[in-house]
**Student:** 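First, the structure itself, so that you have it in front of you.
Positions are given from 1, in the same order as the sequence printed here. Being a predicted model, the structure only gives us computed values, none of them experimental.
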Amino acid sequence: MPQDRDEIGLGSVVLAHEGPDEGWWEAEVIGINGAVHSLRWRDYPTQATILRRADELALLPPGKA
């Protein structure tokens with residue numbers, strides 16, 4: 001788990017939102033292209049890959065596994 005935004009890399013688990021009314025969900029980083037991250041929802045791995053900018057991601061609280 002990254003402790004800082006600069007540590008987000010392939011395989012990192014982060015929080016991402018699906019939409020303004022959907023809240024934040026755990027997602028795994030599966031690709032990085034500049035400031036855009038390709039993500040797979042942790043609980044729904046068969047759903048389509050989603051793309052989020054680095055500034056649209058949040059870190060999990062410390063101690064959360």
Side-chain angles (χ1 to χ4, degrees):
M1 303 290 170
Q3 301 298 312
D4 184 272
R5 283 183 179 272
D6 295 333
E7 296 177 6
I8 295 174
L10 294 177
S12 293
V13 176
V14 296
L15 295 174
H17 61 87
E18 188 164 7
D21 298 328
E22 298 298 323
W24 293 77
W25 301 94
E26 292 181 1
E28 179 184 357
V29 177
I30 58 172
I32 301 173
N33 185 3
V36 177
H37 292 65
S38 299
L39 307 168
R40 173 178 40 223
W41 296 118
R42 189 170 186 182
D43 293 335
Y44 303 98
T46 59
Q47 285 191 351
T49 299
I50 58 169
L51 302 175
R52 297 290 182 269
R53 292 187 325 264
D55 64 352
E56 295 178 305
L57 303 176
L59 302 176
L60 291 165
K64 172 77 174 152

**Student:** Can Leu57 be reached from Tyr44 by stepping across I, L, V, M, F, W or Y side chains whose heavy atoms are under 4.5 Å apart?
**Tutor:** yes

**Student:** Please report the shortest heavy-atom distance between Trp41 and Ile50, naming the atom on each side.
**Tutor:** CZ2-CD1, 3.1 Å

**Student:** Which residues satisfy the side chain to side chain contact (heavy atoms under 4.5 Å, CB included) test with Ala54, sequence neighbours excluded?
**Tutor:** His37

**Student:** Which hydrophobic side chains are connected to Val36, either touching it within the sub-4.5 Å cutoff or through other members that do?
**Tutor:** Leu51

**Student:** Please enumerate all residues that pass side-chain hydrogen bond (donor to acceptor under 3.5 Å, both in side chains) together with Arg40, with sequence neighbours excluded.
**Tutor:** Glu28

**Student:** Check whether Arg42 reaches the backbone of Trp25 with its side chain - one donor and one acceptor, N or O, closer than 3.5 Å.
**Tutor:** no

**Student:** With sequence neighbours excluded, tell me which residues meet salt bridge (Lys or Arg N to Asp or Glu O under 4.0 Å) with Glu56.
**Tutor:** Arg53

**Student:** Looking at residues at least two apart in the chain, or sitting in another chain, which of them share a side chain to side chain contact (heavy atoms under 4.5 Å, CB included) with Leu59?
**Tutor:** Pro2, Ile8

**Student:** I need the minimum non-hydrogen distance between Pro45 and Asp43, along with the two atoms involved.
**Tutor:** CD-C, 3.5 Å

**Student:** Does any non-hydrogen side-chain atom of Leu39 lie less than 4.5 Å from one of Val29?
**Tutor:** yes

**Student:** Do other residues, nucleotides or ligands put more than 12 heavy atoms under 6.0 Å from the CG atom of Asp55?
**Tutor:** yes

**Student:** With side-chain hydrogen bond (donor to acceptor under 3.5 Å, both in side chains) as the rule and sequence neighbours excluded, what pairs involving residues 8-18 come up?
**Tutor:** none

